[in-house]
Structures are given as C-alpha cells and as structure tokens.
Amino acid sequence: MENRKELRHWLDNLQLSHPLVIAGPCSAETEDQVMKIAHQLKDTDVSYYRAGIWKPRTRPGMFEGVGSLGLKWLQRVKAETGLKTATEVANRNHVELALEHDIDMLWIGARSTVSPFIVQDIADALRGTDKIVLVKNPVNPDLPLWLGAIERLASANIEKLGVIHRGFSTYEKTKYRNNPEWQIAIELQTKFPDLPLINDPSHITGKRDMIFDVSQTALDLNFDGLMIETHSDPDNAWSDAAQQVTPETLVQIMKDLRIRKEFDAEAEFLTSLNNLRAQIDVIDNQLIDLLGKRMKVADGIGKLKKEKNVAVLQSKRWNEILGKMVLEGEEKGLSEEFTLKLFKAIHQESINHQEKIING
Ligand code: PEP
Ligand code: MN
C-alpha cells in the first residue's frame with residue numbers, strides 16, 4: 001500500500017472540472033433499454049456508464065441479470081456514445097469476459113468484498129490490468145475487511161484502484177437502505193488520501209428522493225465522485241426500482257450540487273470548513289440516535305420497575321454511573337463540569353420517561 005500517490009493518477013488524468021460521475025441502470029435489461037439510457041446520458045457530466053449484468057440478488061428467483069450478452073450491449077454503448085463502460089464482476093469468469101469485451105471499469109460488489117477468497121480470485125484474474133478497479137465496502141461495517149480487499153488488488157499490481165462507499169447493512173431498519181457509516185469512509189480517506197473515493201447514494205438511500213442530500217454530504221466530505229443508478233423508466237426497472245432516477249433528474253442533481261471550486265485559498269478554507277461541518281453533522285445525528293436508543297432502554301427499565309413496584313430513582317447506582325463517566329470523560333478531554341451537566345440532563349430525561357410509564 002505504499003506509493004498511494006500513483007493510485008490517484010487515473011482520476012487526475014481525466015481532468016474533470018466536477019466530481020467523477022458513474023451512472024446507468026442497476027441492471028442491463030434489454031439492448032433497447034441499455035442504448036436508450038446511454039444516449040440520454042451522453043453529453044452530460046457522466047463519464048462512465050454502469051450496468052449490472054450479473055446481479056447478486058438476496059434471494060434466488062429474482063432477476064439475476066442478462067449475463068455476458070450484456071457485455072456486447074456495453075460495447076455498443078461505447079462505440080455509439082463515447083461513454084466509458086463499467087460493470088460488476090464477482091468471479092474469475094466474469095473478469096475474463098469483461099476484459100475480453102474491453103470494459104473500462106470493473107467494480108467488486110459489497111457481497112463479494114466480504115469474502116477474501118472471492119477477492120483473491122478476482123485479484124488473480126485481474127493481475128496487472130490497466131483497467132480501473134473499484135472496491136465497494138463490504139456489507140458489514142468492517143474497515144479492515146475493506147482495506148484487506150484493496151491490499152489484495154494492490155498486491156496484484158492493479159494500479160488504477162478506487163473505493164465506493166455504498167453504506168452498510170443493519171438488522172434494525174433505519175431511514176436508509178444501507179446505513180452510511182461516514183466515519184469509516186473518512187478514516188479510509190485519512191489513511192489513503194490518494195485513493196479515489198466514490199459515493200453510491202443509490203444503494204445507501206434505497207429511495208430516489210434522498211439521493212441529492214446524501215450526494216451533497218459526500219461532496220462536503222471530499223468524496224471524489226458519485227455512482228448514481230439511472231433508468232429511463234425507473235418505476236418499471238427490473239431491479240432496485242425505488243432508488244433509480246431518470247437521466248433528467250440526474251442532470252438536475254448535478255446542477256444543484258455544491259461542488260468544490262478550483263484550488264484557491266478561499267475555496268480551500270471553505271472546503272475544509274464544510275468538511276469539518278459535515279463531520280460534526282454526522283456525529284450530532286449519531287448522538288441524537290444514541291440518546292433515543294438510551295431512552296428506549298430506560299423505558300424498558302421503567303416497565304420492570306412498575307411491575308416490581310420499585311422506586312424510579314436508585315441513587316447508589318446513579319452515583320456509580322456519574323463517577324465512572326467523569327473519569328472516562330477526563331480521558332477524552334471533557335471537563336468534570338461538562339460531564340456532570342450532560343449526564344444530569346440525560347438522567348433527568350430518563351426519570352421523566354420512567355415516571356410517565358409508572359404513573360400512566
Ligand atoms: C449494484 O451496484 O447494482 C450493486 C449490486 O451494488 P452493491 O454491491 O453495493 O449492493
Ligand atoms: Mn442496484
């Protein structure tokens with residue numbers, strides 16, 4: 001993983017005045033559908049045309065892609081529109097077929113990144129390629145697993161590497177299809193600042209009306225590009241219908257996004273400021289989320305106390321918590337005064353919750 005600088009070349013060499021945009025349907029469905037969308041995306045900010053032709057589906061029996069036939073359609077896209085092409089590969093056979101058909105960008109899907117065996121197999125098949133290879137984060141929020149995949153590809157002398165943050169799977173349903181763990185992407189970016197970092201707001205949100213906001217957050221966090229699923233008839237798409245946007249919407253999204261300016265001192269300052277603010281927003285949301293969870297647990301305790309007829313306030317336990325938190329807080333640079341104030345406020349809210357339960 002030394003020599004990160006070299007890895008950035010392929011993106012800088014594109015000399016784009018805006019973030020890299022990869023767009024196209026979740027799945028190639030028919031030749032007409034692939035060609036129609038490609039022609040609609042020609043002459044926009046899109047540089048790479050994506051279409052999945054081998055689709056990893058959660059349950060068998062869903063549409064699993066058209067297979068290698070779709071590679072011919074992608075070749076036609078390149079010939080007719082000049083767009084470069086991108087598709088997902090999940091095994092050695094996919095890699096060999098994609099290379100034979102001169103696909104320009106290959107990505108490893110979230111379900112493949114979790115398996116070091118699969119990643120190694122793909123890396124061996126790709127050894128020394130000059131194609132761009134992007135690694136989606138694994139479905140589970142595990143940075144070392146993501147890094148391991150990147151390292152396997154780098155060790156196979158693949159130079160044009162990049163990563164895609166497509167969010168992480170959670171058991172608990174949230175407003176996202178796949179939770180964006182921004183701090184994982186930020187940590188990866190801090191470790192490897194020259195590894196292009198792409199955001200996939202389509203798979204993060206699962207809903208087309210949330211794509212703009214997630215894209216903006218990604219750009220504020222210094223992401224280098226976006227992969228956005230785009231379909232001429234999203235509602236009737238054969239996969240991921242709810243999250244696909246029309247080419248017109250994509251163009252509008254790109255127009256509305258606040259995009260980093262060329263380098264100058266003022267812009268540099270604003271970029272740093274927006275980046276830090278975006279990090280603060282992420283953490284604030286986590287704080288609220290955690291406090292909400294804490295209150296739910298407190299409600300559970302309230303119910304137990306009601307059943308057993310126990311008093312709400314247990315001062316011995318409370319003093320123990322406070323003492324522990326003051327010490328932990330000091331280790332993190334928080335003053336005793338702040339920690340006490342914070343926890344008293346949290347505790348008061350818990351008591352209010354529990355009293356409501358016990359009295360009502
Ligand atoms: C996709 O890009 O269509 C896809 C299947 O993505 P992921 O691997 O992120 O689920
Ligand atoms: Mn998809």
Side-chain angles (χ1 to χ4, degrees), residues 20-29 33-34 37 41 46 48-60 62-67 70-71 73-74 85-91 94-95 98 103-115 118-119 122 132-142 145-146 149-150 153 162-170 176-182 184-185 188 197-208 210-211 214-215 218 223 225-246 250:
L20 176 72
V21 187
I22 306 161
C26 176
S27 304
E29 298 164 6
Q33 171 247 15
V34 166
I37 302 167
L41 292 176
V46 176
Y48 284 81
Y49 185 79
R50 64 149 283 155
I53 60 172
W54 297 288
K55 299 303 297 177
R57 305 311 300 275
T58 304
R59 318 248 340 236
M62 300 161 99
F63 174 60
E64 294 190 333
V66 295
L71 294 169
W73 306 343
L74 287 176
T85 53
T87 201
E88 173 176 351
V89 290
N91 61 39
H94 297 166
V95 169
I103 300 298
D104 303 290
M105 173 187 275
L106 292 78
W107 80 82
I108 298 181
R111 292 164 193 74
S112 301
T113 309
V114 288
S115 166
I118 290 177
V119 173
I122 294 173
I132 297 168
V133 181
L134 303 179
V135 188
K136 285 198 169 195
N137 62 256
V139 283
N140 53 326
D142 184 338
L145 198 53
W146 199 1
I150 299 161
L153 293 159
V163 293
I164 305 177
H165 175 217
R166 51 77 81 193
F168 299 87
S169 187
T170 50
Y176 299 104
R177 178 179 177 195
N178 291 293
N179 206 30
E181 301 279 1
W182 295 107
I184 293 184
L188 188 136
L197 176 58
I198 314 291
N199 189 255
D200 173 349
S202 308
H203 290 92
I204 287 178
T205 63
K207 281 186 221 72
R208 64 179 70 95
M210 291 166 69
I211 286 178
V214 168
S215 302
F223 276 63
L226 299 167
M227 179 189 257
I228 300 183
E229 286 188 342
T230 309
H231 195 293
S232 47
D233 183 9
D235 285 331
N236 291 305
W238 296 3
S239 58
D240 288 352
Q243 72 194 29
Q244 303 206 56
V245 296
T246 60
L250 178 77

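All ligand and atom numbering here is 1-based and tracks the order in the structure.
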K.L.:
Which value, rounded to the nearest 0.5 Å, describes the distance between Ile22 atom CD1 and Thr230 atom OG1?
P.N.:
11.0 Å
K.L.:
Before signing off on this row, confirm whether Asp240 and ligand 1 have an N or O atom pair separated by under 3.5 Å.
P.N.:
no
K.L.:
For atom 5 (C) of ligand 1, what is the nearest protein heavy atom, given as residue, atom name and distance?
P.N.:
Glu88 OE1, 3.6 Å
K.L.:
Which residues pass the side chain to side chain donor-acceptor pair (under 3.5 Å) test with Ser232, sequence neighbours left out?
P.N.:
none
K.L.:
Which heavy atom of Leu145 sits nearest a heavy atom of Pro138, and at what distance?
P.N.:
CD2-CB, 4.0 Å
K.L.:
With only distance considered, is Lys136 within less than 3.5 Å of ligand 1 through an N or O on each side?
P.N.:
yes
K.L.:
Considering only non-hydrogen protein atoms, determine which one is nearest to atom 4 (C) of ligand 1 and report residue, atom name and distance to 0.1 Å.
P.N.:
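Nearest neighbour among protein heavy atoms for atom 4 (C) of ligand 1, to 0.1 Å: His203 NE2, 3.5 Å.
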K.L.:
Does Lys136 reach the side chain of His203, with side-chain heavy atoms less than 4.5 Å apart?
P.N.:
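When only atoms from C-beta onward are counted, His203 and Lys136 do touch, with a gap below 4.5 Å.
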K.L.:
Does Met62 reach the side chain of Ser239, with side-chain heavy atoms less than 4.5 Å apart?
P.N.:
no
K.L.:
In terms of ring plane angle, is the pair His165 and Trp146 parallel, tilted or perpendicular, where the classes change at 30° and 60°?
P.N.:
tilted
K.L.:
Can you tell me which residue and heavy atom of the protein come closest to atom 9 (O) of ligand 1, and the distance to 0.1 Å?
P.N.:
Arg166 NE, 2.6 Å
K.L.:
Ala110 versus ligand 1: do any nitrogen or oxygen atoms come within less than 3.5 Å of each other?
P.N.:
yes
K.L.:
Will you find, in the side chains of His231 and Gln33, an N or O donor that is under 3.5 Å from an N or O acceptor?
P.N.:
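Distance-only check passes for His231 and Gln33.
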K.L.:
Indicate, as side chain, backbone, both or neither, the part of Met227 found under 4.0 angstrom from ligand 1 when only non-hydrogen atoms are considered.
P.N.:
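Met227 to ligand 1: no contact under 4.0 Å from either part.
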K.L.:
Please check if the side chain of Ser202 supplies one atom and the backbone of Ile228 the other of a donor-acceptor pair under 3.5 Å.
P.N.:
no
K.L.:
Is the distance between the ring centroids of Trp73 and Tyr49 less than 6.0 Å?
P.N.:
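So the answer is no for these two rings.
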K.L.:
Tell me, please, which residues at least two apart from Arg208 pass salt bridge (charged side-chain N to carboxylate O under 4.0 Å, His left out).
P.N.:
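Salt bridge (charged side-chain N to carboxylate O under 4.0 Å, His left out) list for Arg208, sorted by chain: Asp235.
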K.L.:
So how many protein N, O or S atoms does the Mn ion (ligand 2) have within less than 2.8 Å?
P.N.:
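Step by step: take the Mn ion (ligand 2), keep protein N, O, S below 2.8 Å, and you get 4.
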K.L.:
Going by the atom numbers of ligand 1, which of them fall below 4.0 Å from some non-hydrogen atom of Gly109?
P.N.:
8 (O)
K.L.:
Hey, which atoms in ligand 1 end up nearer than 4.0 Å to a heavy atom of Glu229?
P.N.:
1 (C), 3 (O)
K.L.:
For Cys26, take its heavy atoms, then give the atoms of ligand 1 lying under 4.0 Å from any of them.
P.N.:
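Atoms satisfying the 4.0 Å criterion: 3 (O).
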K.L.:
Apply salt bridge (charged side-chain N to carboxylate O under 4.0 Å, His left out) to Arg50 and list each qualifying residue two or more places apart in sequence or on a separate chain.
P.N.:
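Partners of Arg50 under the salt bridge (charged side-chain N to carboxylate O under 4.0 Å, His left out) test: Glu229.
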